[in-house]
Protein chains: 2
Amino acid sequence: MNTESVLARLSALADKSRFTILQIMAKGAIGTCCDRIEAYENGCCVADVVAVTGLSQPTVSHHLKTLEKVGLVRKEVRGPWTCYFPNPEAIEELINALRAELYPSGKCDVDIQGGCCS
Amino acid sequence: MNTESVLARLSALADKSRFTILQIMAKGAIGTCCDRIEAYENGCCVADVVAVTGLSQPTVSHHLKTLEKVGLVRKEVRGPWTCYFPNPEAIEELINALRAELYPSGKCDVDIQGGCCS
DNA sequence: CATCGATATCGATGTTTGTGGATATCATAT
DNA sequence: ATATGATATCCACAAACATCGATATCGATG
C-alpha cells in the first residue's frame with residue numbers, strides 16, 4: 001500500500017458520516033429494505049443508510065462512492081437496488097500500513113534533505 | 001476510546017504534511033539541529049521539520065499542535081527548543097478502536113432508528 | 001535589561017469538501 | 001413503451017482547513 005492510498009483511506013474514515021455508515025454496516029444495525037441482502041452479508045442499500053443516518057439521498061450516494069473509491073466498501077447492483085458491503089481487508093491493510101510507516105525505529109525510507117544544520 | 005477521539009486522530013493522520021512529519025519521526029530521518037535530543041528518542045524540534053518538509057515555520061507549528069492535541073505526539077520544552085516525540089501508543093489505541101468499531105459481526109451498539117421499512 | 005534565536009499566535013487567503021435541491025439515469029414491472 | 005421506484009449526477013453554497021507573512025512570546029545569554 002502506497003502512502004497515497006493510505007491517506008485516501010484515512011480521509012475517507014475521518015468523516016463522521018462515513019464512519020457511521022461503516023459502523024452500522026459492521027454491526028448489522030440495518031434492517032434493510034432491500035429483499036436481496038442476507039443478514040449475514042452486513043450489507044445495505046442507499047435508502048437504508050438514508051433512513052438510519054437522516055442524511056439526504058445525494059449525500060449518502062456521495063459518501064458511499066467515496067468509500068468505494070478507496071476500497072472500504074464493495075458495490076454490487078442487485079435488481080433495482082445498489083448494495084454496498086463492508087470490506088474488512090481494506091481496514092486490515094490500512095492497519096498494517098500504519099504500523100509499517102509510523103512505528104519508530106524502522107529503516108528510513110523517506111527522502112531526507114538533511115536537518116536544518118546540513 | 002470514544003468515536004470522537006477516533007475521528008480526531010484519523011483527521012490528524014489524513015493530512016499529507018502531518019503524515020510525513022510522523023513518518024520522518026518514526027524513521028529517525030531527521031539529523032536534528034537540537035543538541036538535546038538523543039537519536040534513540042526519535043524526536044525533533046520545529047526547525048528540523050521545517051528543513052525537511054519545506055513547509056513554513058507557522059505551518060509546522062500548527063501541524064505539531066494538531067498532532068499533540070490528539071495525542072499522536074508528545075511535547076517537551078528543552079532549553080530554547082520545543083521538542084516533539086512520537087507516541088506509538090496512540091496509534092495502537094486507534095488500531096484497536098478501528099477493529100472494535102468497524103469489523104463486521106460485533107454486537108450492535110449504534111442507535112438504530114430502524115431501516116427504511118420500520 | 002537588552003538582544004537574539006526558536007517557537008507560538010494572529011490574520012488573511014485560497015482550496016477542499018460536506019451538504020442537499022433539482023434533475024438525469026437505470027432497472028423493473030405492467 | 002410507459003411508468004415507477006432507486007440511485008447517480010449536477011450545481012450551488014457554506015463551513016472547515018491548510019498555508020504563510022507578520023508579529024508576539026518565550027528562553028537563554030551577555
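Heavy atoms only: backbone and side chains are in, while hydrogens, waters and symmetry mates are out.
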**Q** Find the distance B/Asp35:CG to D/dG27:P and express it as a whole number of Å.
**A**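 The distance from CG of B/Asp35 to P of D/dG27 comes to 17 Å, rounded to the nearest Å.
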**Q** In whole angstrom, give the distance that lies between atom NZ of B/Lys69 and atom C1' of D/dC17.
**A**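 Those two atoms, NZ and C1', are 12 Å apart.
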**Q** Quick one: side-chain hydrogen bond (donor to acceptor under 3.5 Å, both in side chains) pairs with a partner in residues 81-91 of chain B, sequence neighbours left out?
**A**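 Listed by first then second residue: nothing to list.
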**Q** For A/Arg78 and D/dA6, is the shortest distance between a side-chain N/O and OP1 or OP2 below 4.0 Å?
**A**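 False: A/Arg78 side-chain N/O out of range (4.0 Å or more) of D/dA6 OP1/OP2.
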**Q** Are B/Thr3 and A/Gln23 packed together at the side-chain level, in the sense that at least one heavy-atom pair is separated by less than 4.5 angstrom?
**A**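 They are in side-chain contact.
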**Q** Determine whether A/Leu102 and A/Leu7 fall in the same hydrophobic cluster, where Ile, Leu, Val, Met, Phe, Trp and Tyr are linked whenever their side-chain heavy atoms lie under 4.5 Å apart.
**A**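 Yes; tracing contacts between hydrophobic side chains, which count when under 4.5 Å, links both residues.
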**Q** Can you tell me how far CG of B/Asp48 sits from CD1 of B/Ile37, rounded to the nearest 0.5 angstrom?
**A**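 Output value for this atom pair is 6.5 Å.
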**Q** I need the NZ-P distance between A/Lys16 and D/dA16, as an integer number of Å.
**A**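 Taking atom P of D/dA16 as the reference, NZ of A/Lys16 is at 14 Å.
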**Q** Looking at the side chain of A/Val46, which of C/dA8, C/dT9, D/dT7 is the nearest nucleotide?
**A**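 So the side chain of A/Val46 is nearest to D/dT7.
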**Q** Measure the distance from CG on B/Leu64 to P on C/dT9 and round it to the nearest whole Å.
**A**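 Those two atoms, CG and P, are 12 Å apart.
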**Q** Of the listed nucleotides (C/dA6, C/dG18, C/dT28), which one gets closest to any side-chain atom of B/Trp81?
**A**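 Output: C/dA6.
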**Q** What is the distance from NZ of A/Lys75 to C1' of C/dC26, rounded to the nearest Å?
**A**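 Spelled out: NZ on A/Lys75 to C1' on C/dC26 is 11 Å.
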**Q** D/dT7, C/dG18, C/dA8: which one has an atom nearest the side-chain heavy atoms of A/Arg18?
**A**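 Nearest listed nucleotide: C/dG18.
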**Q** Please answer whether the main-chain N or O of B/Val70 pairs with a side-chain N or O of B/Arg9 as donor and acceptor at a distance below 3.5 Å.
**A**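 Side chain of B/Arg9 to backbone of B/Val70: a pair is present.
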**Q** Distance check: side-chain N/O of A/Lys65 vs OP1/OP2 of D/dT9, anything under 4.0 Å?
**A**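 Result: yes.
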**Q** Please determine if a side-chain N or O atom of A/Tyr84 lies less than 4.0 Å away from the OP1 or OP2 oxygen of D/dA6.
**A**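 Answer is no, no contact under 4.0 Å.
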**Q** I want to verify a distance call: between C/dT7, C/dG18, D/dA18, whose nearest atom is closest to the B/His62 side chain?
**A**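 Per side-chain heavy atoms of B/His62, the pick is D/dA18.
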**Q** Using whole Å, report how far CZ of A/Arg36 lies from P of D/dA6.
**A**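 From A/Arg36 CZ to D/dA6 P: 12 Å.
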**Q** Scan nucleotides 20-22 of chain C against the protein and return all N/O pairs shorter than 3.5 Å with their distances rounded to 0.1 Å.
**A**
{"from": "C/dG20", "atom 1": "OP2", "to": "A/Ser56", "atom 2": "N", "distance (Å)": "3.1"}
{"from": "C/dG20", "atom 1": "OP2", "to": "A/Ser56", "atom 2": "OG", "distance (Å)": "3.2"}
{"from": "C/dG20", "atom 1": "OP2", "to": "A/Thr59", "atom 2": "OG1", "distance (Å)": "3.0"}
{"from": "C/dG20", "atom 1": "N7", "to": "A/Thr59", "atom 2": "OG1", "distance (Å)": "3.4"}

**Q** When the nearest nucleotide of DNA chain D is assigned to A/Ser61 and to B/Thr66 on a heavy-atom basis, which residue is associated with the more 5' position?
**A**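 In this pair, the answer is A/Ser61.
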**Q** Between B/Met25 and B/Leu64, which heavy-atom pair has the shortest distance, and what is it?
**A**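 Where B/Met25 meets B/Leu64 most closely, the heavy atoms are CE-CD2, 4.2 Å.
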**Q** For C/dT19, take OP1 and OP2 only and decide whether either is under 4.0 Å from a side-chain N or O of A/Ser17.
**A**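 For A/Ser17, the contact criterion (side-chain N or O under 4.0 Å from OP1 or OP2 of C/dT19) is met.
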**Q** Does B/Thr82 or A/Gly79 map to a spot on DNA chain C nearer the 5' end, using the closest nucleotide for each?
**A**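 Going by which nucleotide is closer to the 5' end, it is B/Thr82.
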**Q** Of B/Arg36, B/Arg78, B/Arg74, which is the lone residue that meets salt bridge (Lys or Arg N to Asp or Glu O under 4.0 Å) with B/Glu41?
**A**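 Testing each of B/Arg36, B/Arg78, B/Arg74 against B/Glu41, the sole residue satisfying salt bridge (Lys or Arg N to Asp or Glu O under 4.0 Å) is B/Arg78.
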